[in-house]
Every structure is written in structure tokens, then in C-alpha cells.
Amino acid sequence: MKNKKPHLIYDDQGKAVSDRPWIFRTYAGHTNVWESNQLYRSNLAKGQTGLSIAFDLPTQCGYSSDHEIAKPEVGKVGVPVNSLDDFHVLFDQIPIDKMNVSMTINGTAMWLLALYIALAEERGIDISTLKGTTQNDLIKEYLARGTYIFPPEDSIRLIVDMYEYSLQHIPDWNASNICSYHLQEAGATPVQELAFALTTAITVLDAIKERGCFSAQEFERCVGRISFFVNAGMRFVEELSKMRAFVEMWDEITRDRYGIKDPKYRRFRYGVQVNSLGLTEEQPENNSWRILIETLGVTLSRKARCRALQLPAWNEALSLPRPWDQQWSLRLQQVLAYETDLLEYPDLFDGSHVIESKVKDLKEKAYAEISNIIDMGGGMAAVKNGYMKSALVKSQSERIDRLAKGQQIVVGKNKWLEGLPSPLVSGDDGGIFKIDVNSAQKTIESLKNSRRSRDAQRVAESLAVLTADAEQGNNLMPASIECAKARVTTGEWSATLRKVFGEYRPPTGVDGQAMEITTNRGGVQNKINRFVEQYGYRPRMVVGKPGLDGHSNGAEMIAVAARNAGFDVIYFGIRISAAEIVHSAIEENVDVIGISLLSGSHNEIVDQLSAELNKAHADIPVVLGGIIPQADIANLTAKGIKRIYTPKDYDLMMIMDDIMDVINEHKLSPCG
């Protein structure tokens with residue numbers, strides 16, 4: 001023992017050892033359950049050690065694949081799941097009793113967990129052996145991602161139901177995963193990410209305590225099942241310090257607010273996907289270095305090292321990644337864990353005055369924000385009154401403004417723009433993943449077969465029990481599991497609870513936001529002033545988010561920028577149908593329709609919008625923004641889209657200037 005070197009890690013017998021690496025994941029799922037199963041088995045064979053499942057938007061929003069609103073989105077950003085029959089295919093030859101499975105699912109989290117439990121029971125697996133996580137963070141959905149369904153109180157009730165059931169029956173399952181990842185994607189500063197995520201955790205634990213469903217010892221175990229999913233951006237020192245602040249603050253909150261005595265239940269357990277917001281369409285090869293640097297922020301500090309890690313791919317600003325792109329990101333994790341000596345040493349940053357000072361500053365500011373939110377009534381109140389949403393919209397607009405002014409440098413985007421063409425996008429597929437447009441039909445045929453072969457009486461009886469339990473305040477997990485076994489569909493389960501709870505639309509956060517002057521604000525305002533002089537009113541724009549895509553950051557920034565430039569803007573938030581957008585545009589007599597699409601459904605939704613405009617005999621120019629592959633731009637232009645903006649178009653006032661040109665061109669045209 002005297003010969004121990006203080007800079008190495010030792011076990012209880014004094015032997016130098018290495019830490020076990022984190023769980024290696026890739027966030028995956030696409031097209032249908034057959035192709036996703038093949039992808040999962042391939043990734044596991046390549047050394048991935050856990051599954052992270054991406055579900056398509058209809059599944060996330062509680063619609064079966066044959067619902068009218070679901071059709072453009074089936075299989076686009078994840079795997080469609082309609083019934084337990086789909087889960088049997090999705091997990092075919094995958095040992096779920098030995099696998100750690102993470103599901104990025106929120107509004108329908110209870111339903112997907114019920115399907116997973118029913119799958120295990122039909123396979124004869126002891127459900128107490130199941131390990132994994134349902135994301136199930138609805139506050140974050142109201143703020144940043146948009147796959148909410150029910151009102152806040154009912155959503156929290158479902159989360160508490162899942163904690164109560166899981167602790168008793170599947171003790172190694174994380175019933176919710178407090179997710180700050182999407183907060184940063186929506187513009188959150190490190191202080192906001194800390195404060196809003198920890199406020200969400202406090203909201204959940206307060207609701208569990210209020211129900212009184214656990215003894216003191218059980219409540220300690222319940223606190224130990226709270227896990228987190230975070231983001232890590234490019235500001236390496238700040239992000240590493242943020243993670244150390246998370247660790248310290250969670251230990252302090254669980255000890256001081258909830259009286260948790262056992263340190264193991266106060267441990268900050270988190271998974272991470274590093275930042276996708278900063279990945280660029282321009283010079284996309286640079287994204288590989290960005291992903292590596294962001295990865296270091298959540299792995300180098302042993303005390304704040306992630307428990308599971310999934311990395312985006314270099315081309316996610318262009319489209320969905322291909323299997324090879326995901327393999328490349330997986331290999332980066334493996335090289336870091338197995339080829340370096342990172343896992344052999346204690347924390348490298350203990351005693352660093354720089355890190356300690358930064359952690360202290362972040363904690364003080366985050367605690368002040370948490371106190372502010374608690375004083376206004378807590379997390380639910382800060383959702384309903386729009387406080388947190390408005391704060392994120394403000395932070396995002398400030399970030400966009402810094403980019404436009406060159407105050408925040410992004411290589412290849414606003415500095416050092418010239419470069420050789422990237423060989424990564426020179427192949428036949430353009431370096432992006434393409435969904436087979438006919439694959440959705442296989443999913444819908446499978447759905448029809450499940451409906452035909454099930455016991456209709458058992459379906460009706462199970463849904464009746466679900467309704468009664470929802471109305472009477474009973475725990476909904478047992479009824480949901482029975483619905484799963486009866487082959488109830490995702491849409492039927494959600495529709496049943498929609499009838500009991502209703503639906504919810506949170507504040508957009510756009511009202512009252514100001515945006516600093518950017519490079520071309522004076523130019524666009526001159527055009528608007530001339531327009532007002534000529535036509536006697538301000539130019540009017542509908543900003544629409546059709547379909548089920550809830551990533552509203554781009555639409556919100558366009559709405560804020562347009563209002564600050566001088567437009568009259570109509571923006572109702574997410575999940576507005578093409579028919580509703582056209583009706584609103586006609587009713588408000590707008591001069592242009594702006595559509596934001598990020599889910600890969602742009603071709604289908606543009607067809608829907610064009611059909612609605614033709615049906616109404618409305619001649620209104622349409623502009624489109626989002627992640628639009630270059631290969632699709634000619635086709636969209638041929639369909640009548642006047643302008644197409646992608647992530648490379650970051651100067652919002654230049655976009656406003658261009659939209660004014662569209663409006664003026666249309667006014668001067670024979671039809672205008």
C-alpha cells in the first residue's frame with residue numbers, strides 16, 4: 001500500500017484498476033420496425049452496449065400511423081409503433097432482460113412502457129429484470145420539443161403513476177429522465193439549463209411526495225431512480241463546469257430539500273447527447289471535430305462523467321444519418337474509452353481554481369433562478385405563465401443575433417467561409433439518409449392486420465377500464481398494460497385519455513420579445529416603410545408549423561424577427577394543419593405564408609398546403625425553412641415554393657429582406 005501512486009485509481013485490495021466505460025449508445029430508429037430491428041442488431045454487433053430508441057412523431061404525439069395528421073410523418077424521424085405486435089418485431093432476437101434500453105418518449109411514455117412490459121410478459125421474462133429509461137419529461141416538451149398531449153397536471157399525474165408502478169415492479173427502471181438536452185437546443189444558457197432541469201426534478205419529486213405513495217425508505221429509492229439527460233456544447237470549460245455544478249447541486253437538493261441520507265441515492269446519474277444545434281450545413285466535415293470537443297466536456301471529469309453517451313453524426317444538419325455515419329460516431333466513443341488512459345485516473349480537475357470558480361458562479365446563478373421559479377409557484381406555474389418559454393426564446397434570439405453580428409464565431413458559417421468542397425457529400429446519396437417513401441405502407445398494412453386479428457371485445461373492455469381509472473384517479477399503468485396485451489393501438493390509448501384529460505397548448509413565448517439590430521435591419525425596414533406608404537398597411541405573414549414536428553425554435557425566431565422588422569405576424573405555435581394555416585392566411589389577408597419543417601416531411605406537407613391553397617382559390621406566396629436536402633430544392637421550387645431557407649441562412653434580417661422581395665414581386669405580378 002505504501003507504493004500506491006496517488007494519481008491512479010485503486011480497488012479495495014489496493015490494485016490499480018480502470019473505471020468501466022460509460023454505456024455506448026446511438027440514437028436510432030427509422031422507416032419501420034423491421035428495418036429498425038436490423039439496425040439495432042447491427043449496431044449491437046459493432047460494440048454498442050445499450051439501445052436508444054427514436055420513435056416517429058405520430059407515436060410520440062399519440063396517433064396511429066393511419067391517422068390523417070400522421071401520414072406525412074410515418075417513419076421519418078424514428079420508428080413507428082402502433083401496437084404490441086410492432087414491439088415483438090422491433091425487439092426480435094434482442095435480449096431485453098439483459099439490455100439497457102432508453103426510449104425518447106414523453107407524452108405517450110406510459111403507453112410505450114406498458115408495451116415493453118407486456119412484451120416481456122408475453123416472452124415469459126421476469127419484468128423485474130428490465131433496465132432502462134423512459135424520457136417522460138413533459139415540462140421540457142412544453143418548453144422546447146413539443147410532443148406534449150395532455151395538460152400539465154395530468155401529465156405530471158402520469159409520471160407519478162409510472163414511478164409508483166416502477167418502484168414496485170421494475171425497480172431498475174428510470175420512470176422519467178429529466179432532460180435539459182432540448183433546453184440547450186432551444187437556446188438555454190448553462191444557468192438556464194441547470195435551473196430549469198433541476199426545477200423540473202423538484203416538480204416531479206414534490207408531486208410524488210404529495211401523493212404519499214411511498215414510505216420514507218421507498219422515497220429514498222425513488223429519488224435514486226431520477227436520472228437526467230443533458231447537453232454539452234462547444235464552450236468546453238463552461239460545459240465541464242456545468243456538469244460538476246449539476247452533480248453538486250443535485251446532491252445538495254436531495255439532501256437538504258428531501259432529507260435523503262444515503263449518498264448513493266443522491267448521485268447525479270445522467271446520459272448525454274452532445275450538442276446538435278451548433279452543427280453546420282456549411283463545411284459539414286468540421287462537425288466531426290465539434291462532436292469530439294463536446295464529448296470531452298462530459299467524459300474528462302471523473303466526478304461528473306456521464307453514465308451513458310450517444311453522439312450525433314457529422315451530417316445531422318443535412319438530414320438523418322446513415323448507418324455508417326452512426327458507426328463513425330460510435331467509433332469515436334470506443335477510441336476515447338479504450339485507446340486512451342482516461343479511465344485510469346481520478347478526477348483531473350480537482351483543485352483547479354478556474355473550474356472551482358466557474359462551478360461556484362454557475363451554482364449561485366442557477367439557485368437564484370430556481371428560487372425565482374419556486375416563488376412564482378413552481379415548475380407548473382412557470383410553464384403556464386410562459387416565464388420559462390419566454391426566457392428560452394429570448395436566449396435563442398440573442399444567440400442568433402451574436403451569429404449575425406460575428407460576435408460568436410462559427411467556423412465555415414460566419415468566418416472562413418471559403419473552402420474546398422466536402423468529399424463527404426460527394427457520393428451518389430449526397431452523404432445523407434433517404435427514407436423509402438413506400439415503407440410507410442408496410443407499417444399501415446401491419447396495423448390493419450393487428451386490428452383484424454385482435455379480440456374486439458377485449459379491446460373495448462380494456463379501454464373502458466382505462467377510461468374509468470383515468471376518471472377515478474387510479475394508477476393507469478395496470479390498465480395500460482392490459483390495453484397493450486389486447487392489441488389496443490397507440491392512437492386508441494391516447495384518444496381515450498384525450499377524452500378524459502383534454503389537450504393543452506402552452507404559450508409560444510414569442511409575444512413581447514425584442515431582437516437587437518442585426519446587419520440588415522435598416523434595409524428591410526426601408527422596404528416595409530415603402531410598402532406601408534404604397535398599400536396603407538404593414539405586410540402580414542403567417543408563420544406555420546404544420547404536421548407533428550414540435551421543434552419550434554426556427555419558427556419562433558422567424559416570428560420574433562419579423563415582428564421586430566415591422567411585419568404583422570400571425571403565429572399559433574406547433575401542430576397546425578395545412579388547412580388551418582390556409583384558413584388563417586385567408587382570414588387575416590396575409591401577404592406571405594412562412595412554413596417551418598424539420599422532420600423530413602417537407603415534400604408531403606408542401607403537397608398538402610398546395611392542395612389547400614388550390615381548393616380555396618388562394619394566391620398567396622409560400623416560403624419554406626428547415627432542414628431541406630439540396631436534392632429536394634428543385635422539386636419544391638417547381639411546386640411553387642418561392643424561397644427555401646436552411647440552417648446556413650442564419651441572418652434573420654437578411655431573410656426578412658428577402659421575404660419582402662417575395663411580397664413585392666407577387667404584388668407586381670398579374671395574379672397579385
Side-chain angles (χ1 to χ4, degrees), residues 62 84 87 103 105-122 126-139 141 148-178 200-201 203-227 380 458-486 488-490 492-502 504:
L84 185 55
F87 255 31
M103 303 188 203
I105 197 74
N106 295 278
T108 54
M110 177 180 283
W111 176 238
L112 273 299
L113 179 57
L115 290 172
Y116 198 63
I117 291 168
L119 171 67
E121 291 185 338
E122 289 195 349
D126 179 358
I127 66 170
S128 68
T129 64
L130 300 179
K131 296 179 177 64
T133 301
T134 33
Q135 190 171 98
N136 206 15
D137 176 354
L138 271 299
I139 289 182
E141 294 300 314
Y148 49 79
I149 304 172
F150 312 117
E153 290 83 1
D154 301 298
S155 295
I156 292 295
R157 171 193 165 177
L158 296 182
I159 294 171
V160 177
D161 280 358
M162 291 173 66
Y163 272 103
E164 184 178 16
Y165 181 89
S166 297
L167 198 72
Q168 303 298 336
H169 301 281
I170 42 176
D172 290 333
W173 193 268
N174 303 315
S176 74
N177 185 237
I178 310 304
T200 299
T203 302
V204 170
L205 287 178
D206 283 356
I208 292 170
K209 280 191 74 70
E210 185 178 347
R211 181 174 295 187
C213 52
F214 296 134
S215 67
Q217 192 274 334
E218 288 172 332
F219 183 74
E220 284 218 343
R221 287 171 48 213
C222 178
V223 172
R225 295 321 308 172
I226 295 271
S227 67
M380 287 294 96
R458 186 179 181 186
V459 169
E461 290 173 351
S462 66
L463 288 173
V465 172
L466 181 67
T467 299
D469 283 352
E471 292 172 341
Q472 295 165 16
N474 298 330
N475 190 305
L476 295 179
M477 276 300 302
S480 296
I481 294 168
E482 172 53 28
C483 284
K485 292 178 179 177
V488 164
T489 68
T490 298
E492 290 166 338
W493 179 87
S494 302
T496 299
L497 295 185
R498 278 183 167 98
K499 290 177 183 176
V500 178
F501 300 145
Y504 182 72

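These numbers come from a predicted model, not from an experiment. Position 1 is the first residue of the sequence; numbering continues from there.
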Which atom of [X] lies closest to which atom of [Y], heavy atoms considered:
| X | Y | answer |
| --- | --- | --- |
| Ala114 | Ala484 | O-CB, 3.9 Å |
| Ser166 | Ala175 | OG-CB, 4.0 Å |
| Trp173 | Gly132 | CE3-N, 3.3 Å |

If we only count heavy atoms from C-beta on, is the [X] to [Y] side-chain gap below 4.5 Å?
| X | Y | result |
| --- | --- | --- |
| Glu164 | Met477 | no |
| Tyr163 | Ile159 | yes |
| Arg221 | Arg225 | no |
| Phe150 | Arg157 | no |
| Leu119 | Leu84 | yes |
| Thr134 | Tyr116 | no |
| Ile117 | His169 | no |

#### Entry: Side-chain donor/acceptor of Asn475 to backbone N/O of Asp161, under 3.5 Å
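Side chain of Asn475 to backbone of Asp161, a donor-acceptor pair under 3.5 Å: yes, one is there.
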### Query
Just by distance, do the side chain of Asn174 and the backbone of Ile226 share a donor-acceptor pair under 3.5 Å?
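Such a contact is absent between Asn174 side chain and Ile226 backbone.
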### Query
Would you call Arg498 and Asp154 a salt bridge, taking side-chain N to carboxylate O under 4.0 Å as the test?
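Salt bridge between Arg498 and Asp154, a charged N being under 4.0 Å from a carboxylate O: no.
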### Message
Show, in sequence, the C-alpha distance, side-chain angles and deciding distance for Trp493 and Ser480, and conclude whether the side-chain hydrogen bond (donor to acceptor under 3.5 Å, both in side chains) test is met.
### Response
CA-CA 8 Å; Trp493 179 87; Ser480 296; 3.0 Å; yes
### Query
Partners of Ser155 by side chain to side chain donor-acceptor pair (under 3.5 Å), sequence neighbours excluded?
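Per chain and number, Ser155 pairs via side chain to side chain donor-acceptor pair (under 3.5 Å) with Tyr142.
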### Query
Cut-off 3.5 Å, side chains only: do Thr490 and Trp111 have a donor facing an acceptor?
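Side chains of Thr490 and Trp111: pair found under 3.5 Å.
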#### Entry: Residue pair Asp137 / Ser176, side-chain donor-acceptor N/O under 3.5 Å
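No.
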### Message
For a side chain to side chain contact (heavy atoms under 4.5 Å, CB included) check, start with the C-alpha distance between Leu476 and Met162, then their side-chain angles and the critical distance, and finish with the verdict.
### Response
CA-CA 8 Å; Leu476 295 179; Met162 291 173 66; over 6 Å; no
How far does [atom1] of [X] sit from [atom2] of [Y], to the nearest 0.5 angstrom?
| X | Y | atom1 | atom2 | value |
| --- | --- | --- | --- | --- |
| Tyr504 | Glu141 | OH | CD | 14.0 Å |
| Ile156 | Arg211 | CD1 | CZ | 11.0 Å |
| Leu115 | Met110 | CG | CE | 12.5 Å |
| Glu482 | Arg458 | CD | CZ | 4.5 Å |
| Leu158 | Leu138 | CG | CG | 8.0 Å |
| Asn106 | Thr108 | CG | OG1 | 8.0 Å |

### Message
Does atom CD (Glu210) have a neighbourhood of more than 12 heavy atoms from anything else shown, all under 6.0 Å?
### Response
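Counting neighbours around CD of Glu210, 12 or fewer heavy atoms of other residues, nucleotides or ligands fall under 6.0 Å, so no.
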### Residue from Thr133, Ile481, Ile170 passing side chain to side chain contact (heavy atoms under 4.5 Å, CB included) with Leu113
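For Leu113, the side chain to side chain contact (heavy atoms under 4.5 Å, CB included) test succeeds with only one of Thr133, Ile481, Ile170, which is Ile170.
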Anything under 3.5 Å between a donor and an acceptor, one on a side chain of residues 463-472, the other on a protein residue two or more places apart or in another chain? List them.
| residue | atom | partner | partner atom | Å |
| --- | --- | --- | --- | --- |
| Thr467 | OG1 | Leu463 | O | 3.0 |
| Asp469 | OD1 | Asn474 | ND2 | 2.9 |
| Gln472 | OE1 | Asn474 | ND2 | 3.4 |

